[in-house]
Amino acid sequence: MAYSDKVLDHYTNPRNVGALDKNSAEVGTGLVGAPECGDVMKLQIKVNPTTNIIEDAKFKTFGCGSAIASSSLATEWVKGKTVDEALGIKNTDIVKELSLPPVKIHCSVLAEDAIRAAIGDWKKKNGATQNQAQPAPVEQRA
Amino acid sequence: MSTNVIPGNANKDVKLPIYMDNHATTRPDPRMIEEMMPYFGEKFGNAASRNHEFGWVAEQAVEEARERIAKLIGASTKEIIFTSGATESDNLAIKGVAEMYKEKGNHIITQAIEHKAVLDTCKRLEKYGFRVTYLPVQKDGRIDLDDLKRAMDEKTILVTIMAANNEIGVLQPIREIGALCHERGVLFHTDAVQQIGKVPFNVIQDNVHLASITGHKIYGPKGVGALYVRRKSPRVQLVAQIDGGGHERGMRSGTLNVPGIVGLGKACEIANHEMAEESKKIAALRDRLKDAIMGQLDEVYINGSMEHRLPNNLNISFAYVEGESLLMGINDIAVSSGSACTSATLEPSYVLKALGAGDDLAHSSIRFGLGRFNTEAEVDYVARRVVDTVKRLRELSPLYEMAKEGIDLTKVQWAAEPTH
Ligand SMILES: Cc1ncc(COP(=O)(O)O)c(C=O)c1O
């Protein structure tokens with residue numbers, strides 16, 4: 001199968017490879033997929049607590065070239081966005097940008113899941129942090 | 001052969017891309033092509049034309065090819081039936097025996113890591129009321145003879161077990177299987193496609209009653225193969241699966257592919273003369289590749305027995321690295337992977353799964369198939385590219401990171417993909 005130039009580019013020069021401190025309150029970590037399925041993505045975001053802007057993002061991916069490219073692209077796209085804006089990224093946007101063929105659509109779905117999982121983790125942590133700071137009722141975590 | 005390759009500089013000595021996928025197909029040997037050529041042109045006769053020179057020339061060429069094939073496997077010429085390749089040979093052997101002997105019994109035994117040409121043929125026969133036992137393989141890829149013994153019953157008419165596997169190169173104990181079948185009065189078919197021309201194969205010594213062969217795995221042409229059908233002790237009978245003009249002793253109708261058959265014959269003749277030397281050379285190259293990779297990378301696992309294995313096969317899983325991404329990184333080298341992403345079905349290799357290694361290692365596997373035209377310089381280049389790429393991809397792998405942190409990956413609760 002021939003890969004699109006953009007997939008090749010992200011595969012050869014993946015953006016934002018690495019790890020953030022998963023114990024930091026500002027960092028949300030999403031780990032999605034399973035080794036038996038052939039793809040696992042770890043995507044991390046670092047969120048500015050006052051602006052809710054994602055200031056940094058890192059990823060590591062076990063998977064095919066399209067999975068690597070999808071997660072690399074996802075880190076590029078979430079950076080600079082607020083958490084809520086990042087939740088608006090759709091797998092179809094990734095498919096379009098990378099010209100993924102139908103058999104590779106699941107890679108983009110996984111990247112979208114990874115963004116959501118990272119944000120979910122961050123929200124959970126921050127719900128918890130707020131919880132500790134102010135023992136007042138905090139039902140509304142989102 | 002170009003030796004004295006300076007490490008890191010090896011690509012100066014090799015022509016890219018490098019072909020190392022010789023279980024898929026092989027490069028036609030130029031000597032073979034040369035011999036075929038006239039039969040595409042002036043020697044175009046139909047081998048079945050009995051009454052003129054054109055036909056005689058074609059027939060003579062076909063009979064010479066038949067002799068060469070028979071000689072390579074220890075058969076007699078009347079036992080060689082030409083087909084369009086091993087898929088057809090497997091179909092003819094299994095369906096032909098099933099139909100011929102169905103009054104005697106309806107039970108067939110095969111095993112889990114056969115080629116699809118055998119497995120899917122057996123599946124079809126199940127629809128027609130045959131009972132098929134699919135023996136498991138052990139961790140090393142070989143069947144357990146005791147399993148086979150236990151599976152045989154009074155209704156068993158055929159055992160079909162391949163000589164050498166096309167993914168992991170593992171050799172089955174065909175001689176013992178054949179002896180057992182012989183003793184029990186059960187027919188034994190073997191798909192010998194991958195073993196022929198690489199490891200000595202002799203239908204008498206190996207107790208084989210039917211054997212499938214194809215041209216394109218032995219530096220011959222595609223679309224031509226043969227089925228060995230034993231004529232005595234026992235005399236095997238088949239019901240033809242293609243009806244027509246009654247060619248090939250009525251077992252396979254259709255005008256013979258004369259140039260293809262000539263090529264197949266020549267390929268067998270070359271194999272007969274060169275196999276011993278060549279297999280030694282190729283095994284040395286394969287071991288050089290294995291040692292270079294295993295010497296520089298940890299957590300690489302060989303799939304299948306190293307002891308009972310084709311000299312040209314190496315199938316390795318690189319833990320924490322997905323196979324297709326590895327192929328992408330070494331895209332100037334033609335090899336293949338057991339990863340789901342490289343298969344049409346999006347399932348990881350059923351062969352590797354049958355070894356029980358776990359799906360994750362199946363996704364991480366690469367099959368190297370060395371061949372007649374590979375050189376030491378190519379092997380060094382391939383090893384270097386593989387090692388570099390695996391290292392790079394492990395730096396990108398969350399699994400590698402987790403494993404290094406001491407996390408037991410088998411204990412992690414993975415979030416399954418919603419699309420699966
Ligand atoms: C073990 C085995 N059997 C059968 C076949 C099918 O052979 P052919 O391509 O000649 O139909 C192959 C090759 O694909 C093979 O490796």
Side-chain angles (χ1 to χ4, degrees), chain A residues 1-3 7-20 22 29-44 58-72 91 100-114 116-118 120-121, chain B residues 317-331 336-349 352-353 357-365 389-390 392-405 407-420:
Chain A
M1 195 195 315
Y3 301 96
V7 168
L8 279 172
D9 180 40
H10 278 281
Y11 172 81
T12 329
N13 305 296
R15 330 289 200 259
N16 308 310
V17 175
L20 300 170
K22 62 173 177 280
T29 301
L31 182 68
V32 296
E36 304 81 58
C37 301
D39 356 56
V40 175
M41 288 181 189
K42 191 189 75 165
L43 191 145
Q44 294 183 299
K58 296 278 182 207
F59 86 96
K60 283 198 177 187
T61 288
F62 163 83
C64 64
S66 303
I68 291 171
S70 296
S71 37
S72 169
N91 84 290
L100 297 180
V103 295
K104 295 296 181 185
I105 286 175
H106 73 278
C107 299
S108 70
V109 173
L110 205 59
E112 185 190 315
D113 288 351
R116 291 175 179 279
D121 181 55
Chain B
S317 288
F318 299 87
Y320 318 121
V321 171
E322 195 278 329
E324 196 201 47
S325 68
L326 179 49
L327 290 190
M328 202 170 159
I330 54 171
N331 61 359
S336 63
S337 167
S339 147
C341 286
T342 61
S343 79
T345 56
L346 292 181
E347 280 291 321
S349 152
L352 297 178
K353 283 171 79 164
D359 278 11
D360 47 341
L361 283 179
H363 284 292
S364 299
S365 72
T389 308
V390 168
R392 182 175 95 79
L393 291 171
R394 280 183 174 174
E395 286 310 311
L396 222 71
S397 169
L399 304 180
Y400 190 59
E401 181 185 85
M402 291 165 83
K404 280 216 301 212
E405 285 170 6
I407 297 170
D408 181 349
L409 295 176
T410 61
K411 301 247 156 69
V412 176
Q413 271 265 310
W414 299 102
E417 283 177 64
T419 47
H420 272 213

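These values consider heavy atoms only, across backbone and side chains, with no hydrogens, waters or symmetry-generated copies. Proteins get letters first, then strands, A, B, ... in listed order; numbering begins at 1 in each.
Every residue two or more places apart in sequence or in another chain that forms a salt bridge (charged side-chain N to carboxylate O under 4.0 Å, His left out) with B:Arg394 is listed here: B:Asp298.
Both the backbone and the side chain of A:Leu8 have a heavy atom closer than 4.5 Å to some heavy atom of chain B. Interface remark: A:Thr12 contributes backbone atoms only to the contact with chain B (heavy atom separation under 4.5 Å). Of the two parts of B:Thr389, only the side chain, counted from C-beta on, holds a non-hydrogen atom closer than 4.5 Å to a non-hydrogen atom of chain A. For a residue to count as touching a neighbouring chain, one of its non-hydrogen atoms must lie under 4.5 Å from one of that chain's; by this rule A:Val17 touches chain B with the side chain only.
For the set A:Pro14, A:Cys64, A:Ala19, the entry with the most heavy-atom pairs within less than 4.5 Å of chain B is A:Cys64. With chain B as partner, the option from A:Lys42, A:Glu36, A:Lys60 having the largest number of non-hydrogen pairs under 4.5 angstrom is A:Lys60.
Within 6.0 Å of the CD atom in B:Glu405, the count of heavy atoms belonging to other residues, nucleotides or ligands exceeds 12.
Across all their heavy atoms, A:Val40 and B:Pro398 have their closest contact at O-CG, 3.6 Å.
In terms of modelled atom types and a separation under 3.5 Å, the side chain of B:Tyr400 and the main chain of A:Phe62 share no donor-acceptor contact. The backbone N or O of A:Gly38 sits nowhere less than 3.5 Å from a side-chain atom of B:Glu322 that would complete a donor-acceptor pair.
With contacts defined as side-chain heavy-atom distances shorter than 4.5 Å, the pair B:Leu393/A:Tyr11 qualifies. No side-chain heavy atom of B:Met328 sits less than 4.5 Å from a side-chain heavy atom of A:Ile68.
Rounded to the nearest 0.5 Å, atoms CG (B:Leu396) and OG (A:Ser72) are 8.5 Å apart.
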